Amino acid sequence: MATTTKATPGDLKLVALTRHFDDFVAVDGIDLVVPGGSFFALLGPSGCGKTTTLRMVAGLEEPTSGQIMLGEQDITGTRAYQRNVNTVFQSYALFPHLSVLDNVGFGLRQRKVADWRTRANEALELVKLADRAKQRPRQLSGGMQQRVALARAIVNQPDVLLLDEPLGALDLKLRREMQIELKRIQQEVGITFIHVTHDQEEAMTMADTVAVMRTGRIEQLGAPSELYDRPATAYVANFLGQSNLLPLELRGAATAGLVTASARGVQVVVDAGQLPADAGAGLQLGIRPEKLRLLGPGSDGVANRLNGWVTDASFTGVATTYLVKMAWGQELTVTQSNDGSARAGLGDEVTVGWDPHQAFVLPAGAD
Amino acid sequence: MATTTKATPGDLKLVALTRHFDDFVAVDGIDLVVPGGSFFALLGPSGCGKTTTLRMVAGLEEPTSGQIMLGEQDITGTRAYQRNVNTVFQSYALFPHLSVLDNVGFGLRQRKVADWRTRANEALELVKLADRAKQRPRQLSGGMQQRVALARAIVNQPDVLLLDEPLGALDLKLRREMQIELKRIQQEVGITFIHVTHDQEEAMTMADTVAVMRTGRIEQLGAPSELYDRPATAYVANFLGQSNLLPLELRGAATAGLVTASARGVQVVVDAGQLPADAGAGLQLGIRPEKLRLLGPGSDGVANRLNGWVTDASFTGVATTYLVKMAWGQELTVTQSNDGSARAGLGDEVTVGWDPHQAFVLPAGAD
Amino acid sequence: MAWLRRNLVVIIGLLVMAYIMVPNLVVTIFSFNKPNGRYNYEWNQFSLDAWLNPCSSAGMCEALGLSLWVAVAASLAATVMGTMAAFALGRYRFKGRSATNLLVFFPMATPEVVMGSSLLTLFIAMGIPSGQLTILIAHILFTVSFVITTVKARVASLDPALEQAAADLYANPTQAFWKVTFPLVAPGIAAGALLAFALSFDDYIVTNFNAGASTVTFPMYVWGAAQRGTPVQINVVGTVMFFGALAIVGIGQLIGARLRVGSRRKEAL
Amino acid sequence: GSPGRNPSGSASASSSPVAAPDKSDTDMLVNWSNWPEYIDVDDNGNHPSIQAFTKKTGIKVNYNEDYNDNDEFFAKVRPLLEAGQDTGRDTWVSTDWMVARLIRLGYVQKLDYANIPNSSNLEPSLKDASFDPGRPYSLPWQIGFVGIAYNPKATGGRKVTSVDQLLHDPTLKGRVTMLTEMRDTVGLVLIEQGVDLGQVTADQFTAALKVVQDAKDAGQLKGFTGNEYTKPLASGDTAACVAWTGDVVQLRADNPSLGYSLGEKGIPMFSDNFVIPNLAQHKKNAEKLIDYYYDPAVMAEVTDYVNYIPPVAGAKEILLKKDPGVANNELIFPSQEVLAKAQTFRGLTAEEETSFNRQFQAVVTG
Amino acid sequence: MAALTQAAVGAEAPAARPRRRGGLVPFLLLAPALLWLVVFFVVPTISLASQSLQTGDIDNGYTLTWHFATYADAMSRYWPQFLRSIIYAASATLGTLLLGYPLAWFIAHRAGRWKNLLLVLVVAPFFTNFLIRTLAWQIILTDNGPVTGFFRATGLTNVLQAIGLTDNNSLLGSQFAVTCGLIYNFLPFMVLPLYTILERLDTRLLDAAGDLYADGWNTFWKVIWPLSLPGVVSGTLLTFIPAAGDYINSKLLGNTQTVMIGQVIDAQFLRVLDYPIAAALSFILMAAIIILVAGYVRAAGTEELV
Ligand SMILES: Nc1ncnc2c1ncn2[C@@H]1O[C@H](COP(=O)(O)OP(=O)(O)OP(=O)(O)O)[C@@H](O)[C@H]1O
Ligand SMILES: Nc1ncnc2c1ncn2[C@@H]1O[C@H](COP(=O)(O)OP(=O)(O)OP(=O)(O)O)[C@@H](O)[C@H]1O
Ligand SMILES: [Mg+2]
Ligand SMILES: [Mg+2]
């Protein structure tokens, strides 16, 4: 079945989708279009309503109000087993009493597909588990179970595949492997994937489009690099990785696309193109740790520089993360790639610098 | 109690420590010295004997042979409740029928410490849970439970604190927070920590010394950066992160500390100081993904260079990871920090290069 | 229609619950009856007589007292022995474990007449005179299996890491048992004891064989009385026992809930 | 297993001692097992006649209503008696055929009539019982007839007067019960077939039983019961049944519409009798107790409550004054005409008893 | 009371593999209960076995003659009652299963904070004397009562009669009443183990089934039912075994056509005084139960008996 090319499925549209639990509003009027065939990630902290949204799409939860459209069809009122949508559950939810093959074939048999066995075996091959067909789920390791859950869902060639933190229970190494695997499979089968996670790295690695959710609403939506490099709010900035935030006061006018400003009394330059339209409540300057660099001697050309001393250095293999204390007490996080660039020791006085185009500017107030 | 400064406890020595389960050798003659007051990490894949080793130190498992010394004292024959060693269990093992305070005070009360209540409260303050003293463990979130388990162990001021994958069940974000927290506490109380994990990043971030275990033995032991930059075997190299391995044949003699060699027919230079003493079985060259760089124009000075084309690029925020396919089919992983250096697109022809001093050489055969 | 489909199981559940409760309801209602004649089967007239004079039926209260005493003593003994055995079976691997499991299972599969009579023969051969002692022995015998089964499930689901944690925190094995293991298995033990109590309190056939000349338990009394009439007081006892059991559990739960609410309120502060 | 026992079963032949040292004089106590509700009771649940006995003699009575059923009771005491052990009882009240068995097995002691002067009040017709010729072992406690009772409410007002009707009337189908007491149930049929219960042969027994079997197979019978037949009869769940007189008198007190008929050709009669088991610890006290109840005034008091036929002459005269309603009740003090029709099942040999029982139980539990 | 949950009365905990070897300790722990079972159960059972092979009668005593024919005799004479007992017990078991399953599900998943109370209510009937309970059934099913009235008015009695569960247009004194009584008496033994297993059932699997196109019915048969089998097994055992030996219900609520083997054993033991055959019947009953149970447990694939 992996070899069959599918017509691109229709778009999935959520219209003012809302779900209340008693008084509590879990999902608060989401409007969203997921283009057919895309890899879409829903990102957000625990309890923000990701699972609830997904369950409504799957038909496992009834919306309090709003609509769900698949292509031209309104599927809001249909029941789970009538929707051509499949889910890979966070906990896998494999049937412990069935063999791997029977798990994968479950949906096909429900739909009375005659050659379910062949197709289930093909799906198992796709996830590289053809040799485990006869085993029970509990005989497999976590990563294998995850792949079975995936096979069980995609074998049905659904219009939309929902993945609810499918990698949450895996260890780091396995998680990275599975991320690559999932992406490969999505490209191969061309099904719309909606991937829920609270791991920002995961969302950014895998998805074409990422939506960041917050208490039942969508805070920002866009391509991963757009969200990462140009977050609209501090919330998004912080959620998609660490940020060093400094209060910013504009001083001069734009010259050559740059504006001079002052952060805690230190003069800095910022990219004029990044200033938000409405800067009423004041501004904040944000710099990602990896965009900050420890400046060695001979780097006088760097426009933005702050002095401090190293209070902590932790080696993580790929990089070393320093905490650099500023005069005003704030500790900036600096991630220095271990690619041969300058290293510093605990207590060393250092200067950190950054390229103005790699920083971003946020309205203050909005956190 | 957090404020009391303790005399540095004695070293923990394991001498030819062995444990059999029936025929199966779980721990196979480990010799090890853990300096008093250090943060020691035991790293290894599932089933390699980490827990068994820890349990023998705690007195929960009897060694088949070998000795355990704490300072000058042989504690091999003593029972768990007689040892001044405490454990934070992987599953926390909090007593569900006792309040948080009673959990933390359990050990003190067993030892008839009169002011157990004060000290337990102090310990709870240390882990920032003083306000939860009256609750039952199941009312706390996973991270909080973990901190209670920690408080319950350190409140006894043991000579050695054993931590068995204490963070295994936490999600990524919480795990990072707790790593920092643990390290802070260890520095504050000065107790010897032995930390078991199978997460290499965790081990490297936290520990002074890391021991990599493999099927009941210790494969390599040293400071994190030492293990990462100079792994003795491919096993260690792969376990502590990703590596690109190339077969290596020496061609020339050492000049200026560098040796010319050939990898898959391409001429490369390697650091002579890194050649292993015994190179009988052939050699392998290892380069970490982040030490490989995409070379832009004007980098002709780089001695080691390989040509290929990009088959995958995934953006992770901090960095972008490329898969670069070589002429002989191998895909090299290249992690390029998003600090403004060159980026490439899918299918681009690229040249990757590395600094000979940042690569390492391994004996082949040993995997 | 959708509502019905969603709540079908609730409706059926409540109906079955009603099926379980109806006989008890009848017993309760008829405890307020003033029967016309010696049989309490037809509603005649509301009366509190039986409730006001629960012991006026000759020998009933003595029988009830004996039954309560026997049930308490037997369930206590069965609980202690059964709990010990459950620990052994749920915890250790040893030779003859499955044989022991089977042996524990057999008494539950033995017809009561057979058990009662063969026990009597044994007592006579051993020279133990029939009476409270023999009743007690018999009751312990047929309740201990239930206790073992009940507690074993609880013991088996206990996390062994907890006892190790106790040992790690300087508790020697005895202390670890009393401070950690026992409190955690306690609900299972309580359930086993409750079941043992109920089975002992309700047994007629085995008891009848092994009761001596002057030991009449409550079921024996009821059986005898029922031959010639059913005093309303029997219904009173049935009602009291039923609601007593409910009350004990209800109070237990209330205390639990109170504790929980208390700590939640603190948390909120 | 037990060692072979002398089938003649006389007490003296038994290997174990029969009489225990009598503690009566030092231990003022007597243990008495009786059927439930088979003695006078006052509103406080006390037994006035027993209280009076204790007051009079200083002997405390340990009265137990643990005799629910002859067979069940026998099963409880047999192992003790067989093993030569005290049963813990000084006297109990067994039905005639059980008395015969107890005597046969040598499980009961001879009465010392010197301690029972009132035994002279025994109704003359009862002095010589076929199961205990000359009554060396037993004295009757109460006597009753076996007849047919019916609930007009359930029969639609029809009377049920014959065994034939009981077993074959289709309007009663499935709502008839008979007794698990073999001699009462089969005896009723035997008399209907013209057999004298004192002369029953094995063939006659089998033939009568066949009638019962056929009725059962036809679905006529709802069940075979012990004393528990009374409640369904009163409530109308049972339309008609084989019943004992004492029960019927009491049921009619509550529900006067209940009907009762005694056989035209003959009436099976049973008696429940005091016996004193081997090794009774207080034999003399037991005999004093029996003597006490053979006082017509005391027996009258009991009869007034239990409504069975008293075996003591003179009781009727006393009741005529105290409670004429009871004294004039034909079922409690039957006329000579009725008494003449009374028949008692003959004593059976061990082999017969086993064989009859086996056949009868095959019907009951078939 | 949540404990009664754990009462498991059978359900096997997943984490339940015994894991230690303890030298003498397990034997010391087992000693009292084992001693009790051996002295007061095994010994009498052996003497019962010997009794079943004796011949003789009450007057002449019984001697051990290894008379195995008694067993053949018992079987040939009483196979109908055996068969009937098995059928009744089986249909009562089926009935308890049909009623107990939704009830257990309801308590486990839909009862919220009423859970514990409902669990107690399920067990509470045991605190009312068995005879009173059964007599209460007599009152409920009485010919002139509202229940019978309802059954008659709705024509249900005709239905029951047509399938042979009752006759005479009444409910008492019928196979129907006996089965009702049995079901009522053993329902708690079915509900408790079922509850334990159903409560542990991962409801996410139900979502998964729905997601994979299984409607309610298919979800039940393909997922819930197979997963609840261990509870079904212990529940059916705890119901079937005592129900097969029961006779109170058949005696008080049944008629002459509903005699069960317990009643036969009772009669042979108490009334005919044929101890060998009574003992043999007991043994056959125990053996039949154990064979059935062993086969059943093997087929159902649970590790331990109860
Ligand atoms: N059945 C329910 N009844 C009441 N509240 C519910 C229910 N299901 C979810 N909620 C609430 O709705 C909110 C959103 O839940 P949801 O499961 O969608 O979060 P999530 O974003 O998936 O979180 P996580 O990352 O922890 O899985 C939570 O606060 C949760 O407590
Ligand atoms: N009680 C036991 N009986 C038999 N084998 C055991 C026992 N305990 C551990 N083992 C075996 O010993 C080996 C080492 O186990 P150990 O628990 O020490 O591994 P680990 O390194 O802690 O693994 P993980 O990371 O999965 O916790 C495993 O293969 C395990 O199966
Ligand atoms: Mg979720
Ligand atoms: Mg481990």
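In the text below, chain A, chain B and the rest are named by the order of the sequence lines, each starting its count at 1. As the structure is a computational prediction, the values presented were derived from the model and not from experiment.
- Of the residues considered (C:V144, C:L15, C:V222, C:L14), C:V222 shows the highest number of contacts with chain E, using heavy-atom pairs under 4.5 Å.
- Per-residue counts of heavy-atom pairs under 4.5 Å with chain C were compared for E:L121, E:I132, E:I261; the largest is that of E:L121.
- Comparing E:V122, E:I265, E:I248 by heavy-atom pairs within less than 4.5 Å of chain C, the highest count is held by E:V122.
- Side-chain rings of C:Y19 and E:W137 approach one another, their centers coming within less than 6.0 Å.
- Judged purely by atom type and a 3.5 angstrom limit, C:N210 uses its side chain to pair as donor or acceptor with the backbone of C:V206.
- A distance of 7.0 Å separates CZ of E:F186 from CG of E:N249, quoted to the nearest 0.5 Å.
- Proximity to chain C (any heavy atom under 4.5 Å) is restricted, for E:F27, to the side chain, taken from C-beta onward.
- Contact of the E:Y184 side chain with the C:V22 side chain is not registered, since no non-hydrogen atoms from C-beta on lie closer than 4.5 Å.
- Counting heavy-atom pairs under 4.5 Å between each of E:I183, E:V38, E:I140, E:T45 and chain C puts E:I140 at the top.
- Checked by atom type and distance alone, the side chain of C:R91 never pairs as donor or acceptor with a backbone atom of C:V155 at under 3.5 Å.
- C:H139 contributes no side-chain N or O that, together with a main-chain N or O of C:D203, makes up a donor-acceptor pair within less than 3.5 Å.
- No other option in C:F201, C:F106, C:F218 has as many heavy-atom pairs under 4.5 Å with chain E as C:F106.
- Both the backbone and the side chain of E:L99 come within less than 4.5 Å of a heavy atom in chain C.
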Any chance you could lay out the side-chain contact (heavy atoms from CB on, under 4.5 Å) test for E:T142 and E:Q138, step after step, and finish with the verdict?
-> CA-CA 6 Å; E:T142 186; E:Q138 284 191 354; over 6 Å; no
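- Proximity of E:F130 to C:I205: side-chain heavy atoms (C-beta onward) are nowhere separated by under 4.5 Å.
- In terms of heavy atoms, C:G13 sits closest to E:F106 at CA-CD2, 3.9 Å.
- If you measure heavy-atom distances from C:F123 to chain E, the contacts under 4.5 Å come from the side chain alone.
- Residues of residues 78-85 of chain C having a heavy atom under 4.5 Å from any heavy atom of chain E, listed by number: C:M81, C:M84, C:A85.
- Heavy-atom pairs under 4.5 Å with chain C were tallied for E:G145, E:A104, E:S47, E:A136; the largest tally goes to E:A136.
- Interface check for chain C: of the options E:W105, E:F240, E:Y275, the most heavy-atom pairs under 4.5 Å are formed by E:W105.
- Among E:I139, E:L28, E:L48, E:T134, the residue with the largest count of heavy-atom pairs under 4.5 Å with chain C is E:I139.
- Of the candidates C:I234, C:L64, C:V237, C:I234 is the only one forming a side chain to side chain contact (heavy atoms under 4.5 Å, CB included) with C:Y221.
- Ranking C:V10, C:V27, C:L8 against chain E, the residue ahead of the rest is C:V10, based on heavy-atom pairs under 4.5 Å.
- For the pair C:S31 and C:V236, the tightest heavy-atom approach, listed with the atom from each and the gap, is CB-N, 3.8 Å.
- In this structure, chain C has a heavy atom under 4.5 Å from the side chain of E:L285, while its backbone stays farther away.
- In this structure a side-chain-to-backbone donor-acceptor pair under 3.5 Å is missing from E:D266 to E:G262.
- Counting heavy-atom pairs closer than 4.5 Å to chain E, the top-ranked of the candidates C:P219, C:G238, C:P107 is C:P107.
- Across C:M220 and C:N208, no two heavy atoms sit closer than the pair CE-OD1, 3.5 Å.
- The parts of C:L246 that come within reach of chain E are both its backbone and its side chain, each placing non-hydrogen atoms under 4.5 angstrom from that chain.
- Shown here for C:W43 and C:F30, the closest heavy-atom pair between the two residues is N-CE2, 3.7 Å.
- Heavy-atom pairs under 4.5 Å with chain E peak, among C:N24, C:L141, C:V104, C:V240, at C:L141.
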